[in-house]
Each structure stands twice: as structure tokens, then as C-alpha cells.
There are 2 protein chains.
Amino acid sequence: TIAIIFYSLIRLFHPSVDKGPKGKGHPINPSIRKECPKVVDVLDVEDLNKEKVSYCRCWKSKKFPLCDGSHNAHNEETGDNVGPVVIRKKIN
Amino acid sequence: TIAIIFYSLIRLFHPSVDKGPKGKGHPINPSIRKECPKVVDVLDVEDLNKEKVSYCRCWKSKKFPLCDGSHNAHNEETGDNVGPVVIRKKIN
Ligand code: FES
Ligand code: FES
């Protein structure tokens, strides 16, 4: 019983699970290029040959940096409301 | 004492704080347009009048949807490695 109380109290006050109800203090990228200190992607608009391209901001896309719709599952599972940034270009 | 044990056990097994160590299962947007079911931003490259614009993917920017460098504090605080997507355009 003492052990259970101790374990519960440790979990209760441990910083990694006690940073607030909104995800503040948690990493948001579970898997993408974790060997990189900072994941930055660059798009030159001159190279864009489509009318529209969506960039992922939920960090769950299997086509990262592009959006593959995975934000919908993320939003449903977590109650979040994230989505991509869409870059549009007029193609003649 | 019983009350403390109960509270600790509730915290311990509550889904919102027990979804794994990597942020999986947590919302990643703590504050931006929470009234919106899905936050999507659109950039028309024809409207871009700068050589370079960075879009936030950490959801902590005070200039969202633009990056203001807040990803650095987020990465330090959480051990994460996120950064913006940069859109570049040649301006004559
Ligand atoms: S898949 Fe991540 S924003 Fe769409
Ligand atoms: S401030 Fe969010 S990615 Fe830079």
C-alpha cells in the first residue's frame, strides 16, 4: 500500500505528466527527423508546379513535410484543432 | 489520507495525463483559434511580397500563422526539435 501511494505521488508530481491539461510542455513531434536539432523545410515558390500544396503542422503526416490528412485523426484523438498551411499558385 | 490516495490514483489512470512519453495523444495547439474546428491558413504566392516568410509549426508563435522564433523555447522546454516551413520567392 505504501508503495502504491509513493508511486502515485511520484506520477502525480512528475514534470513530464504534470504540465497542464492543454499539452503545454509536451513535445509535439513524436517521430520526424529526431536526429535533427531543428526540423526546418524550405519551399521555393519557383519550384512549385501545382496549384496547391499543403504543409503539415500536426507532425503526424506520413508524407511530412506535406499534409496527408493525418491531422483529422490527431484532432479526434486529442480534442485538438490543428490543420495545414496551404500554399496556392496560379499555374498558366 | 484516503482522499490523497484516491486523487493520486485518479490522476495516475486519467487518460489525459497517461498517453505516453512522446506527446502522443496530447493536443499540440494550446491557444490558437480554439473556437475553430480546424485551423487552416492559406498563402497565395502572388500576394507574397517578401523574399522569405516562415510559417509556424510549433503552435506557440505570438504572430501565428507566422513564425516568431518561439519554437526555440518550446524545443528547450520539452526536448522537442520542431521548426517552421520557409517559403522563398525571388523578388525582382
Ligand atoms: S497531416 Fe499534419 S496537418 Fe495535415
Ligand atoms: S514560432 Fe512556431 S515554428 Fe517558429
Side-chain angles (χ1 to χ4, degrees), chain A residues 1 4-5 7-12 16-48 52 54-60 65 67 71-72 74-75 77-90, chain B residues 1 4-12 16-48 52 54-60 65 71-72 74-75 77-90:
Chain A
T1 307
I4 289 169
I5 294 168
Y7 180 65
S8 300
L9 288 174
I10 286 163
R11 285 300 297 265
L12 184 57
S16 78
V17 293
D18 200 19
K19 286 267 179 86
K22 293 274 188 179
K24 201 187 167 198
H26 294 285
I28 67 174
N29 171 20
S31 60
I32 294 155
R33 286 178 249 159
K34 295 309 283 188
E35 72 286 0
C36 253
K38 178 154 56 179
V39 179
V40 176
D41 295 281
V42 178
L43 169 67
D44 284 306
V45 302
E46 290 79 15
D47 298 340
L48 186 58
K52 205 171 116 168
S54 297
Y55 276 78
C56 177
R57 298 189 292 190
C58 76
W59 301 89
K60 305 285 175 73
C67 170
H71 55 265
N72 290 315
H74 165 84
N75 287 343
E77 284 165 16
T78 66
D80 211 351
N81 69 335
V82 301
V85 57
V86 180
I87 316 298
R88 294 194 302 201
K89 184 182 186 177
K90 291 202 175 70
Chain B
T1 307
I4 288 168
I5 294 168
F6 257 87
Y7 179 67
S8 299
L9 288 174
I10 286 164
R11 285 300 296 265
L12 185 57
S16 79
V17 293
D18 201 16
K19 287 267 178 85
K22 292 275 191 179
K24 202 185 167 198
H26 294 284
I28 67 174
N29 171 20
S31 60
I32 294 154
R33 286 178 249 160
K34 295 308 283 189
E35 72 285 0
C36 253
K38 178 154 56 179
V39 179
V40 176
D41 296 280
V42 178
L43 169 68
D44 285 306
V45 302
E46 290 79 15
D47 298 339
L48 185 58
K52 205 171 116 169
S54 297
Y55 276 79
C56 177
R57 299 189 293 190
C58 77
W59 300 89
K60 305 288 175 70
H71 55 265
N72 290 315
H74 164 84
N75 288 344
E77 284 165 16
T78 66
D80 210 352
N81 67 335
V82 302
V85 57
V86 179
I87 317 299
R88 292 193 303 200
K89 184 183 187 178
K90 290 202 175 68

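Bear in mind that the values here come from a model prediction, so they are computed numbers and not experimental data. Proteins come first, then strands; the chains are lettered A, B, ... in the order of their sequence lines, and each starts at number 1.
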- Tell me, please, which residues at least two apart from K38(A) pass side chain to side chain contact (heavy atoms under 4.5 Å, CB included). V40(A), H71(B), N72(B), N75(B)

- For chain B, find which of V42(A), V85(A), V45(A), V82(A) contributes the most heavy-atom pairs closer than 4.5 angstrom. V82(A)

- Test item: N81(A) side-chain N/O and E35(B) main-chain N/O as donor-acceptor pair under 3.5 Å: no

- Message: Return the CH2 to CG distance between W59(A) and D80(B), rounded to the nearest 0.5 Å.
- Response: 7.5 Å

- In Å and rounded to the nearest 0.5 Å, what is the NE2 to NE2 distance from H26(A) to H74(B)? 10.5 Å

- Message: So if I apply the side-chain contact (heavy atoms from CB on, under 4.5 Å) rule between R57(A) and each of V39(B), I28(B), N29(B), which one comes out positive?
- Response: V39(B)

- Note on the structure: Bottom line for P84(B): the part with an atom under 4.5 Å from chain A's heavy atoms is both

- Query: Non-hydrogen atoms of chain B under 4.5 Å away: do they reach the side chain of C67(A), the backbone, both or neither?
  - Reply: neither

- Stepwise side-chain contact (heavy atoms from CB on, under 4.5 Å) check, D44(A) with R88(B): CA-CA 5 Å; D44(A) 284 306; R88(B) 292 193 303 200; 2.9 Å; yes

